[in-house]
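Residue numbers begin at 1 in each chain, while the letters A, B, ... track the order of the sequences.
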Amino acid sequence: MGSTLRITPPEDYRLSRDACSYGYFLLAPNRWHPSTQTFTRVLATDAGVTRIAITQPGIGERLTLRCDRTLDRASQQQVRAGVSRMLRLNEPAKTIAAFHKVDKRWKKSGRGRLFRSPTLFEDIIKTVTSCNVQWPSTVHMNRRLCEVLGDKHDAGGSFPASAKVARTRPSTLRARCRFGYRDARTVELAKLHRKGAIDEAWLEDPATPDDDVRTFLISLPGIGPYAAANIMQLLGRYAHLPLDTESVRHGKVVLGMTGTDAKIMKKIDAHFAPFGEHRFRSYWFELWAFYESKRGPAHTWDQDEVGSTFTASQL
DNA sequence: GGTAGACCTGGACGC
DNA sequence: GCGTCCAGGTCTACC
């Protein structure tokens, strides 16, 4: 008999739309179940590891979190905080409306929130695992990382805490999690996080300028311009675009751009400039709409199939 | 400031 | 089954 928690989301919140909005919802330990429209994941708390299952009966209605073990008050708070961060429940309807005012294309569907991880550390590591590989490798690295280093649960491992990764040998990440040359960089990132050198409050503080955040992130091992821009959107800073080969494909195929890859990236940057501080969301939902036009709505995707085949060249 | 090449892995391809 | 090539972003050395 486990605990059941309930969270009241913003009035426009729709779980199937807002959870299935960014690729990380497909990465371990996250799992979306299309047949029941349920999100599950194994989550570590100070009191132990639990599997949570999140459902919502309808738009704006309360989210139900079913945990497979009974949680004490402190653990309940940790679960609530993690789920709130992951599902962007702190983004009220009015900030989404502000985005729709700038980019009216998404007003009807209501898109605006982007899925992320329960912790910044997980977002950073997931970003590193998405660099210089195709999607199936990112899927594999995250699954192995949870299996090898996560707290064990019948439903799979949790995402490991920075303290655990910091104690891990780079060779373990390389040999057992297929991290390749990202091994030492990942351990170094974990050490920096564990000792408090990555200050989430400062990074999320609206008073901290974007340029300062970007400069800091690029100073971290394994983080370059693409990864920094991606982590910034995960932090809620949407003014920069993480430009990669996928952006170039989008520029060519959807926007009809021509020229070298470098020129197309500059054109994309300029193309989305009018959306200002909402730039990334306009860019991303355009990409997402393209994927959904090929594969159907994201909340219907089969996770195993998408995990093994989802690459831009196959769309 | 710009650029070439190395870094790893997994998949595609040819033999 | 084996070898080769390629895609992917970051980092370093070099101009």
Open item on the list: Please classify the nucleic acid contact of Leu243(A) as base, sugar-phosphate, or nothing, using heavy-atom distances under 4.0 Å.
Closed with: nothing
- [ ] Anything under 30° is parallel, anything over 60° is perpendicular, the rest tilted; go ahead and classify Phe115(A) against Phe39(A).
- [x] tilted
Task: Within residues 50-66 of chain A or reaching into it, pairs that qualify as side chain to side chain donor-acceptor pair (under 3.5 Å) - sequence neighbours excluded - done: Arg6(A)-Thr64(A), Thr50(A)-Asp68(A)
Open item on the list: Does this structure show an ion pair linking Glu147(A) with Arg176(A), if we count only N-O contacts that are shorter than 4.0 Å?
Closed with: no
- [ ] Only pairs at least two apart or in different chains count here, so list each ring pair (Phe, Tyr, Trp, His ring centres under 6.0 Å) that has a residue in residues 143-182 of chain A.
- [x] none
Open item on the list: Show me the pairs that pass side chain to side chain donor-acceptor pair (under 3.5 Å) and involve residues 215-235 of chain A, at least two apart or across chains.
Closed with: Tyr22(A)-Asn230(A), Tyr24(A)-Asn230(A), Thr127(A)-Asn230(A), Asn230(A)-Gln233(A)
Open item on the list: Taking the axis from the first five pairs and the axis from the last five, what angle separates them in the helix from dG1(B)-dC15(C) to dC15(B)-dG1(C), rounded to 10 degrees?
Closed with: 40°
Task: Donor + acceptor pair across side chains of Trp202(A), Asp205(A) (<3.5 Å) - done: no
Open item on the list: Are Phe280(A) and Phe285(A) packed together at the side-chain level, in the sense that at least one heavy-atom pair is separated by less than 4.5 angstrom?
Closed with: no
- [ ] Quick one: list whatever passes side-chain hydrogen bond (donor to acceptor under 3.5 Å, both in side chains) with Arg113(A), sequence neighbours left out.
- [x] Asp12(A), Asp18(A)
Anything under 3.5 Å between a protein N or O and an N or O of nucleotides 1-5 of chain B, put it in a table, one pair a line.
none

- [ ] Could you tell me whether the phosphate oxygens of dT9(B), OP1 or OP2, come under 4.0 Å of any side-chain nitrogen or oxygen in His140(A)?
- [x] no
- [ ] Could you tell me how the ring of Trp301(A) sits relative to the ring of Trp288(A): parallel (under 30°), tilted (30 to 60°) or perpendicular (over 60°)?
- [x] tilted
Donor-acceptor contacts under 3.5 Å from residues 259-277 of chain A side chains, at least two apart:
residue: Thr260(A); atom: OG1; partner: Lys263(A); partner atom: N; Å: 3.2
residue: Lys267(A); atom: NZ; partner: Thr258(A); partner atom: O; Å: 2.7
residue: Asp269(A); atom: OD1; partner: Arg279(A); partner atom: NH2; Å: 3.4

- [ ] Please list, in 5' to 3' order, the outermost nucleotides of DNA chain C lying under 4.0 Å from any heavy atom of chain A.
- [x] dA7(C) to dC11(C)
Task: Partners passing side-chain hydrogen bond (donor to acceptor under 3.5 Å, both in side chains) against Glu188(A) (at least two apart in sequence or in another chain) - done: none
Task: Atom-to-atom span, CE of Met141(A) to P of dG11(B) - whole angstrom - done: 12 Å
Open item on the list: Expected output is a numbered-order residue list: members of residues 168-195 of chain A with a heavy atom under 4.0 Å from any atom of DNA chain B. What is it?
Closed with: Arg174(A), Arg178(A), Gly180(A), Tyr181(A)
- [ ] List for me each residue that meets side-chain hydrogen bond (donor to acceptor under 3.5 Å, both in side chains) alongside Asn30(A), sequence neighbours excluded, and say none if there are none.
- [x] Arg41(A)
Task: By side-chain hydrogen bond (donor to acceptor under 3.5 Å, both in side chains) - contacts of Gln37(A) (at least two apart) - done: His299(A)
